[in-house]
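So that the names make sense, note that chain A is the first sequence line, chain B the second, and so on, each numbered from 1.
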There are 2 protein chains.
Amino acid sequence: MPVTIKDVAKSAQVSIATVSRVINNKGYISQKTRKKVYQAMNQLHYTPNIAARKLQSKHTATIGVILPSLDNPLYSELFENVEKYLAVANYQTLLCTSNNQPEREQKYFSLLQANQVEGIITSSHSKFFIQQDLNNYPIICFDRSISKNIPSVRSNNYLGGQKIAKVIIHKNKKNILILSGSKEDLNPINDRIKGMLSIFQNVDTNVQTIALDFDSSLLVKKLLIQKILSTHHFDAICCTDDLTALLVLSFTKSQNHPPLITGYDGSTFVQTLFPDLLTVKQPIGPMAELMCDLLLAKIQNPQQNFETEYVFPISLTQ
Amino acid sequence: MPVTIKDVAKSAQVSIATVSRVINNKGYISQKTRKKVYQAMNQLHYTPNIAARKLQSKHTATIGVILPSLDNPLYSELFENVEKYLAVANYQTLLCTSNNQPEREQKYFSLLQANQVEGIITSSHSKFFIQQDLNNYPIICFDRSISKNIPSVRSNNYLGGQKIAKVIIHKNKKNILILSGSKEDLNPINDRIKGMLSIFQNVDTNVQTIALDFDSSLLVKKLLIQKILSTHHFDAICCTDDLTALLVLSFTKSQNHPPLITGYDGSTFVQTLFPDLLTVKQPIGPMAELMCDLLLAKIQNPQQNFETEYVFPISLTQ
DNA sequence: CTGAAAGCGCTAACAT
DNA sequence: ATGTTAGCGCTTTCAG
């Protein structure tokens, strides 16, 4: 049977109200009783019951995170940062991975609500959130646009696409494949592609665009890529994310005249293991920090107005 | 103001007890009232307050997971599997990443307790858990041994080490480096090394063992590896985990006569992206499943006795 | 500065 | 088959 505030109160010979006060550091308490209570707490190995606290106060000190998956180093790095920043603000994080399946998002959204999260950070693809009547429920999106009322944090995808394309042109590649990791439309990945195309179309190049299914497993994607590569040849393959680029590389690295492969994301993981990969670096840490700040601010004051988009600068590796 | 069971009861014109019954599908309820209640719930967009439920019953339907990090594909894959299996059993998962820092483990352990988790799955290095008086608190370890009372799930590390070593011998490598990702002692990584050595020592080879610091960042590890590689030359480098192997590969792959690099773990991620890497595959999915089963069983019956170790078979890639 | 008591939303006896 | 009621552990008025 776990020890409760009652046990502590009895042991310290004070009322439970007093114990609560010292735990939360609220109101006036004499040094003497404070010490007594602390002693009792330590002696009994007391841990406050968060469920009870949540029930009581509106401040549950927990926020929810919905991400497509953790396979992608971008998301795991993002999560680690979010968790870190929220912990500093004494918030606890609840993680759900949706695989971009709308039902799972739906389910997890309910789950998070049932857990009384004060707000949600999400990078989910589905339009589920749009339908919900939650315009004043604190939500921040990563790399997705849901509605004008929900702030979205992202990198400058268009510019990133342009920068990559310029390098490709500079290296004199002509036969180019743009390999998109997603077919989804509201996905900002499209801006990356648009950025690339805006550069390519002014130059004498042969550009083809193919979209994979974002939600399929690594293996499925790999098979698709293999099929594409076995029937076509390219001078350069511009992927809209690093994971896809790595997948392509797993085929081309052993070729005689491998095409130039480029990515997008720039997680520490990928950059450390593949320093040679030409890719666009997003400032993941700062983006995570801003999302936390925005969310916390929105929780503090739901009426406050925010920008619809917060766009971070990007840079190229190499 | 969120809608509560009270609102539903009023709207459906029944008592809150009845509503509770239909929510939990307990006791007898007529189809008519059941329908009424469901209608009211839907109409009001009712979501049960999990905090309240937790407070009330000992069954909180949530379990905690403490992992060193999510950087490592092994852990993110493990987590995804654990989450999946627990979801099937209608359990919710709380994830914490400790970076193997004992203070963080300590803190997270308290946090999980405060959240009334029914049990914990951990792969933490520190000896923190040993000191605690929690011999009957449901805990399952992944790849770690804490005490006889806490079941540990792992792969056959010794055999894995042996198998890898045999390949090395077979390929006639003489000058060998064993690169360990950890200095920690209770870590089963040592069994991997012992397995390798048991083979190497019977053959004419020159074996050196170096241990990196498991807890340091990817970048720090990378620097250390660079230093080692710049001053020595090896025919083969046997790493005790895939991440370390990948790090080594990031240096050696462009060399003229690169050494043979081997890993250990076999996450889907690494295998998909580096099908060529010679490594030991652990059955991550089944291991996750067993951990969940064991934990759930232990929660059901804390007195029940379990094995101290559950060792899974491994296989080599290629 | 401290205690008594109400109540957060829910479940589980106990009645009916 | 349904309602009444007593808590679960905690925070927070309101008294003193």
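Between the CE atom of Met41(A) and the C1' atom of dG9(D) there is a distance of 15 Å, given to the nearest Å. Summarising the geometry, the separation between CD on Gln13(A) and C1' on dG3(C) is reported as 15 Å, rounded to the nearest angstrom. Between the CG atom of Asp7(A) and the P atom of dC10(D) there is a distance of 9 Å, given to the nearest Å. In this entry the distance linking CD1 of Ile16(B) with P of dG9(C) reads 11 Å, nearest Å. Note: CD1 (Ile5(B)) to P (dG7(C)) measures 18 Å, nearest angstrom. In this structure, Arg21(B) atom CZ and dA13(C) atom P are separated by 11 Å, rounded to whole Å. Spacing between atom CZ of Arg53(A) and atom P of dG7(C) amounts to 22 Å, rounded to whole angstrom units. A straight line from CD of Gln31(A) to P of dC1(C) spans 9 Å, rounded to a whole angstrom.
The two residues Glu83(A) and Leu95(B) have their closest heavy-atom pair at OE2-O, 3.8 Å. For the residue pair Tyr91(B) and Ile63(B), the shortest heavy atom distance occurs at CD2-CG2, 3.3 Å. Of all the heavy atoms in Leu70(A) and Glu80(B), the pair that sits closest is N-OE2, 2.9 Å.
Note on Ile23(B): nothing from the nucleic acid sits closer than 4.0 angstrom, heavy atoms only. Using a 4.0 Å heavy-atom distance criterion, Val19(B) is classed as making no nucleic acid contact. Within 4.0 Å (heavy atoms only), Ile29(A) reaches sugar-phosphate atoms of the nucleic acid but no base atom. Thr4(A) comes within contact range of the sugar-phosphate backbone alone, with a heavy-atom separation under 4.0 Å but no base atom that close.
Comparing dG9(C), dT11(C), dT11(D) by their closest approach to the side chain of Leu55(A) singles out dG9(C). The listed nucleotides are dG9(D), dT4(D), dC10(C); the one nearest the side chain of Ala52(A) is dG9(D). Between dG7(C), dG3(C), dG9(C), one nucleotide has an atom nearer to the side chain of Gln56(B) than all others, and that is dG9(C).
For dT2(D), one of the phosphate oxygens OP1 or OP2 lies less than 4.0 angstrom from a side-chain nitrogen or oxygen of Ser30(B). Contact annotation: Thr18(A) side-chain N/O to dG3(C) OP1/OP2 distance is under 4.0 Å. Look at Lys26(A) and you'll find a side-chain N or O under 4.0 angstrom from OP1 or OP2 of dT12(D). The phosphate of dG3(D) has neither OP1 nor OP2 within less than 4.0 Å of any side-chain N or O from Tyr28(B). At the phosphate of dC8(D), neither OP1 nor OP2 sits under 4.0 Å from any side-chain N or O atom of Asn49(A).
Contact annotation: the side chain of Val153(B) never approaches that of Glu309(B) to less than 4.5 Å [non-hydrogen atoms, C-beta and beyond].
Counted within 6.0 Å of CD on Glu103(B), heavy atoms from surrounding residues, nucleotides or ligands total more than 12; the atom is thus considered enclosed.
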